[in-house]
Each structure stands twice: as structure tokens, then as C-alpha cells.
Amino acid sequence: MELLVLLLAVTLDVFISEPPLVIHPVFWFGKLISFFEKLKILNHISDMIYGAFSTLAVVAFALTLALIPLPQPWCLLWHVHLLFSAVSIRSMIVHAERCVRDGVDREAVQQIVSRNTAELDEEQLCSAVIESVAENYVDGLVSPLFYFSVFGVAGAMVYKAVNTCDAMIGYRKGRYEYFGKFAAKLDDVLNFVPARISLIFFELLKRGALRYGIERNVKLNGCAIAAMSYILNVELEKPGYYLLPGRKVNVSLVEEAIGAFKILSAIAVTFFATVIAVRIVLLTHL
């Protein structure tokens, strides 16, 4: 059943992209963390404690969704819907392509990155898109599939809940610095292993990517960004934070990154489908 859930969920993602917003679990997670955020207390220690409680509440809600007891075939369909909502292949491709469809669209880039695009030149905008593609490969595909392959739909949902909280409140500075600290740290922990597994897939595209991703890791779980820079031989820069050497980035290199993302996505799906199949065979014979 897990293998079928994976294949159906990925098929839906490729052809439909995202479920309608009103029935999208990530949308529900966002609404829930926003509700808690409105009630936060303006005190550093209290904010951290309350932020941890809020994040865990969203995680509990995600776990509840995954464990709803339903008869077949409704259980299968529900799990397919949940995993479909947790993975993101086509939506990343669509967003990235929109950013460079007619030159570089500054407003479109702003929709997929947190940095202020008004302050970026064209090369930095293209870099931001490639970095977002690389990060989303981990956040939107490798990590949810890793936790699905180990813990089933519940694992994928818990990861997606934490990742959503981090995306909304896990900023290192500003109004969410303390309220979002727990979500940010927990997201770092959950992404640590999948981010490094992703380097194996980059290695299949270009020898040396795994080592380069580890050595030139731009942040705790930013090794996919370094690996993408390596396989494309492209300069990636987040002003004031890091600069990876390579060719000057342009629209055509963004398109190359999207092409690499498609291949890497197929590799990841095949890998985790194989992991699940092997686990099923081993459990059947024990």
C-alpha cells in the first residue's frame, strides 16, 4: 500500500501540481500557526516556550490527520492526498520557469525567496532562483519522501508541519526570532540527514558533487545549494552570507538548474520507491 501511495501521490503532483487550497493540509498548518502567532507574548523566554508549544500543536494536528482511522479504499485515497500535498515537484518547476519566462521577473522571484529582491541585480536574482530550486529539492521532495519511507504518511506529515512552521516563523532575526526558534531548530534537525542523502543523487549527475556539497556547505543544511553550484559550475551568491565560485549566472543557467531538478526528482522518487519495496520484501520474509 505504501508503494502505491507513493506512486499515485507523485503522479498527481506531476500532472496537477497542488491540491486546491481549501483542502491542502499545508494551508491548514499555516492557518493554525498564524492563529497561535497572534496570541504570542512579547517576552523572549515566554515567546520561545510558546513558540515550541505552537509548533508541537501543529505537529500533533498533522499526526492526527495521518492517523485518522478510515476503511479501504478511503484510507488509501486519504493517504495519497496527504502525501500529494507534502511533495512539491511540478509547483517548483512552474514557479522557477515563471521567474525567467520573459527575462528575469523580480516579483516572481520574490514569491519564492525570503530576501528582498528589490536590492538584487539580475545575476543575484538568477542565483536566488537556482538556490531556491536546490533547497526545495530537499524540503519539497527528499525530506518528505525520506520520512515517508521510514515512518509512512505520518512521518511525511510531521515533517511537512515542521517545515511549514519554519517557513512562516523560523526567521533568525526580527519579530519571530524567539517565537520561531524552536521551529527553525527542529526543521534543521529533520533536514540534516535528508539533505546529505540528496548529495548522493547529485553525485550521480556529476562526480565530486557529494564531497563538494559537504566541504562548501553554505549553512547547516545548505549542501544541496553547493552541490547544485558544482554540477552547473555556476556562481551562487546570497549577498552578505556566502559566495560559491563558478560561471556568472544567467537565465539559461537557471533553465539548466530546472532541468537538473527534473532529473534529480526522478532519481529521488526511484530511490525511495526502491527503499520501500526492499523494506516490504524483508518484512514479508521475516
Side-chain angles (χ1 to χ4, degrees), residues 1-16 18-19 24-26 29 59-60 62-68 70 72-73 75-92 134-166 186-205 209-210 213-214 220-221 223-224 227 261-286:
M1 180 173 167
E2 285 183 1
L3 195 55
L4 183 59
V5 168
L6 171 61
L7 297 177
L8 290 175
V10 170
T11 300
L12 286 173
D13 180 84
V14 169
F15 286 99
I16 300 177
E18 297 282 351
H24 203 311
V26 172
F29 300 156
V59 167
L63 198 56
T64 301
L65 290 178
L67 298 179
I68 294 175
L70 293 171
Q72 295 294 3
C75 182
L76 171 65
L77 296 175
W78 179 240
H79 284 186
V80 169
H81 171 67
L82 293 180
L83 187 61
F84 168 36
S85 71
V87 299
S88 177
I89 302 173
R90 183 174 176 179
S91 63
M92 184 68 251
E135 283 196 287
N136 189 78
Y137 180 58
V138 176
D139 294 351
L141 186 61
V142 177
S143 287
L145 290 190
F146 170 77
Y147 287 104
F148 174 74
S149 69
V150 177
F151 301 109
V153 171
M157 280 291 95
V158 166
Y159 169 77
K160 205 62 185 179
V162 173
N163 186 246
T164 302
C165 290
D166 175 62
L186 185 56
D187 186 70
D188 285 342
V189 170
L190 293 183
N191 273 321
F192 188 86
V193 172
R196 283 145 187 82
I197 289 176
S198 74
L199 294 180
I200 300 173
F201 308 146
F202 280 97
E203 182 75 16
L204 296 176
L205 294 190
L210 191 154
I214 292 174
L220 180 61
N221 293 318
C223 45
F261 176 82
K262 293 176 181 179
I263 298 171
L264 288 164
S265 296
I267 292 172
V269 171
T270 302
F271 174 82
F272 288 111
T274 302
V275 169
I276 293 170
V278 169
R279 178 162 57 83
I280 291 171
V281 171
L282 291 175
L283 290 175
T284 301
H285 289 82
L286 287 179

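All values below were derived from every heavy atom in this structure, side-chain atoms included, with hydrogens, water molecules and symmetry-related copies excluded.
Taking CG of Leu6 as the start and CD1 of Ile276 as the end, the distance is 5.0 Å to the nearest 0.5 Å. To the nearest 0.5 Å, the span separating CD on Gln72 from CE on Met1 amounts to 4.5 Å. Put simply, CG on Asp13 and CG on Leu8 are 12.5 Å apart, with the number rounded to the nearest 0.5 Å. Note: Leu264 CG to Ile89 CD1 = 11.0 Å, rounded to the nearest 0.5 Å. Note that CD1 of Ile16 is 12.5 Å distant from OG of Ser91, once rounded to the nearest 0.5 Å. Interatomic distance, CZ of Phe146 versus CD1 of Ile197, reported as 4.5 Å (0.5 Å rounding).
In this structure the side chain of Leu210 never reaches within 4.5 angstrom of the side chain of Phe202, judged on heavy atoms. Side-chain contact between Asn191 and Asp139 is present, with at least one heavy-atom pair separated by less than 4.5 Å. Here the side chains of Tyr137 and Met92 are not in contact, with every heavy-atom distance at 4.5 Å or above. Inter-residue side-chain proximity for Asn221 and Arg196 is flagged as met; some heavy-atom pair is nearer than 4.5 Å. Using a 4.5 Å heavy-atom threshold, the side chains of Phe151 and Met157 count as separate. Side-chain contact between Ser149 and Glu2 is absent, with no heavy atoms from C-beta onward closer than 4.5 Å. In this structure, the side chains of Lys160 and Ser143 stay at 4.5 Å or more apart for every pair of heavy atoms. The closest side-chain heavy-atom distance from Ile214 to Cys223 is not below 4.5 Å.
Summarising the geometry of Phe29 relative to Ala161, their closest heavy-atom pair is CD1-CA, 3.7 Å, with the distance given to 0.1 Å. Heavy atoms only, all atoms of each residue included: Leu83 and Ala156 are closest at CD1-CB, 3.9 Å. Scanning all heavy atoms of the two residues, the minimum distance from Ala154 to Leu63 falls at CB-CD1, 3.8 Å. The nearest pair of heavy atoms linking Pro25 to Leu65 is CB-CD1, 4.3 Å. Between Ala277 and Leu3, the shortest heavy-atom contact is CB-CD2, 4.3 Å. Considering every non-hydrogen atom in both Cys75 and Leu70, the closest pair reads CB-O, 3.4 Å.
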>> Between Val87 and Phe148, is the side chain to side chain contact (heavy atoms under 4.5 Å, CB included) condition met? List the steps.
In response: CA-CA 11 Å; Val87 299; Phe148 174 74; over 6 Å; no
> What do the steps show when you test Phe84 against Val10 for side chain to side chain contact (heavy atoms under 4.5 Å, CB included), and what is the final call?
Replying inline: CA-CA 6 Å; Phe84 168 36; Val10 170; over 6 Å; no
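For Phe201 and Phe271, the ring centers sit closer than 6.0 Å to each other.
Under a 3.5 Å cut-off, the side chain of Asn163 and the backbone N or O of Asp187 do not form any donor-acceptor pair.
Just one residue in the list Val5, Val153, Leu4 forms a side chain to side chain contact (heavy atoms under 4.5 Å, CB included) with Val80, and that residue is Val5.
Between Tyr159 and Tyr147, the angle of the ring planes stays under 30°, which puts this pair in the parallel group of the 30/60° scheme.
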